[in-house]
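Here the structure comes first, spelled out in structure tokens, and everything after it is commentary.
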Amino acid sequence: MKILANDGIDPIGKALLEKAGFVVDTETVPQDQLVEALKNYDGITVRSATKLRKELIDQVPNIKLIGRGGVGMDNIDVEYARSKGVAVVNTPAASSLSVAELVFAHLFTGIRFLQDSNRKMPVEGATKFNALKKAYAGGVELQGKTMGIIGFGRIGRETAKVALRLGMNVLAYDLYPAEGTLPLTFQGGVSVEIPFKTVSLDEVIANSDFISLHTPFADKPILGAEEFAKVKQGVGVVNCSRGGTIDEEALIAALDSGKVAFAGLDVFDNEPTPRAEILQHAKISLTPHIGAATNEAQERIGVELASLIIEHFNK
Ligand SMILES: O=C(O)[C@H](O)COP(=O)(O)O
């Protein structure tokens, strides 16, 4: 059996597949050459870069399995592939913590203006140190503030757990209202269950000091001009979910007016070429879609993907 890991796979996952007798190629084939290349494979694994659309799936009937190393499958025509008998699998839980921690990297950045000082210090730090010191005063703390979470699935809940550990309050909304407890484990294995109950989207929007999005790709933005009009003055907004869930123009307007104090963005409209106004905005902390890109998450993803592939082909 031959697998093309077109967006790469963690070496441990690759080794597990090879031990089980699979040949695994990890060299990325450009999108426009995939039809030809895939004729030599039984399965393909991707992350979010490679697109597996109907037209391609139709032309490679020899492909029996598509493995998504990660969560979002908006780059794959999943239902269509399954209707053609192709197995489609992903690793929905493996990267939750990494994404959640990136949310806080953006939050800590935003509350102390690091996105701007990291740009200005190399240029002005030696000549205008005291002016910059003054410019970046007025930071705030996270403890005691309210973290609004839109989308309370695995990643949303992991984000809530980090917020709770930091002493924040959590307000969460999900399309499917939910109630339960979140387990928090501390040093020495001490564990506590924190009760939660989701609230309405309006409540999250109106009452949060920081808002983080954790929903799948949506055709219509969840946060647009109407919603930014209702947020607390000076809210911080983080998006590590999918481009398209925030109306970027409305966000820029809200940042410029001061209604939104800062934004942390890991995902963008038009990836991989986000617009210049976003890339150059002094109030936006930027990362290039790296939510799942920690060594730990990629190892978990690779191992899980390998076991899903082995299980599928050994059935
Ligand atoms: O959906 C996901 O798992 C994340 O967006 C990560 O995407 P990536 O595998 O392309 O980094």
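Side chains included, hydrogens not; waters and symmetry mates left out as well; all remaining heavy atoms used. Just so you know, ligand 1 is whichever comes first in the structure, and atom 1 is the first atom listed for that ligand. Nothing here was measured: the structure is a model prediction, and the numbers come from that model.
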Between K230 and E227, is the closest basic N to carboxylate O distance under 4.0 Å?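 Judged by the 4.0 Å cut-off on N to carboxylate O distance, E227 and K230 do not form a salt bridge.
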Salt bridge present between K2 and D42 (N-O < 4.0 angstrom):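 D42 and K2: not salt-bridged.
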What residue and atom, counting heavy atoms only, is the protein's closest point to [atom], and at what distance?
{"atom": "atom 10 (O) of ligand 1", "result": "S48 OG, 2.4 Å"}
{"atom": "atom 11 (O) of ligand 1", "result": "R47 NH2, 2.9 Å"}
{"atom": "atom 5 (O) of ligand 1", "result": "H289 NE2, 2.6 Å"}
{"atom": "atom 2 (C) of ligand 1", "result": "R68 NH2, 3.1 Å"}

Within less than 4.0 angstrom of ligand 1, does M73 place any heavy atom?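 No.
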Non-hydrogen atoms of G69 versus ligand 1: any pair closer than 4.0 Å?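 Yes, G69 has heavy atoms under 4.0 Å from ligand 1.
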Test of proximity, V71 against ligand 1: N or O pairs below 3.5 Å: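 Between V71 and ligand 1 (N or O atoms, distance only) the closest approach is under 3.5 Å.
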For ligand 1 and R242, I'd like to know whether there is a polar contact (N/O to N/O, distance under 3.5 Å).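 Min N/O separation from ligand 1 is below 3.5 Å for R242.
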At a 4.0 Å threshold, what atoms of ligand 1 neighbour a non-hydrogen atom of [X]?
{"X": "G72", "value": "1 (O), 2 (C), 3 (O)"}
{"X": "G70", "value": "3 (O)"}
{"X": "A292", "value": "6 (C)"}

Rounded distance (nearest 0.5 Å) linking atom CG of L251 with atom CD of E249: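 It comes to 10.5 Å.
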Ignoring hydrogens, what is the shortest heavy-atom contact between I211 and V204? Give both atom names and the distance.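 Closest pair (atom of I211, atom of V204, distance): CD1-O, 4.3 Å.
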A side-chain contact here means heavy atoms from C-beta on lying under 4.5 Å apart; do R300 and S98 qualify?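 Counting from C-beta outward, R300 and S98 do come under 4.5 Å.
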Is any side-chain heavy atom of N90 closer than 4.5 Å to one of I76?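 A side-chain contact under 4.5 Å is absent here.
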Report all side-chain donor-acceptor pairs from residues 171-192 shorter than 3.5 Å, counting only partners two or more places apart or in another chain.
unit_1 : atom_1 : unit_2 : atom_2 : d
D174   : OD1    : F152   : N      : 2.6
D174   : OD2    : Y176   : N      : 2.8
T181   : OG1    : E193   : OE1    : 2.7

Any chance you could pull the hydrophobic cluster mates of M121, using side-chain heavy atoms under 4.5 angstrom and chaining through other members?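 Under the 4.5 Å side-chain rule, M121 groups with F113, F129, L132, Y136.
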With backbone taken as N, CA, C and O and side chain as the heavy atoms from C-beta onward, which portion of E271 lies under 4.0 Å from ligand 1: side chain, backbone, both, or neither?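 It is neither; nothing of E271 touches ligand 1.
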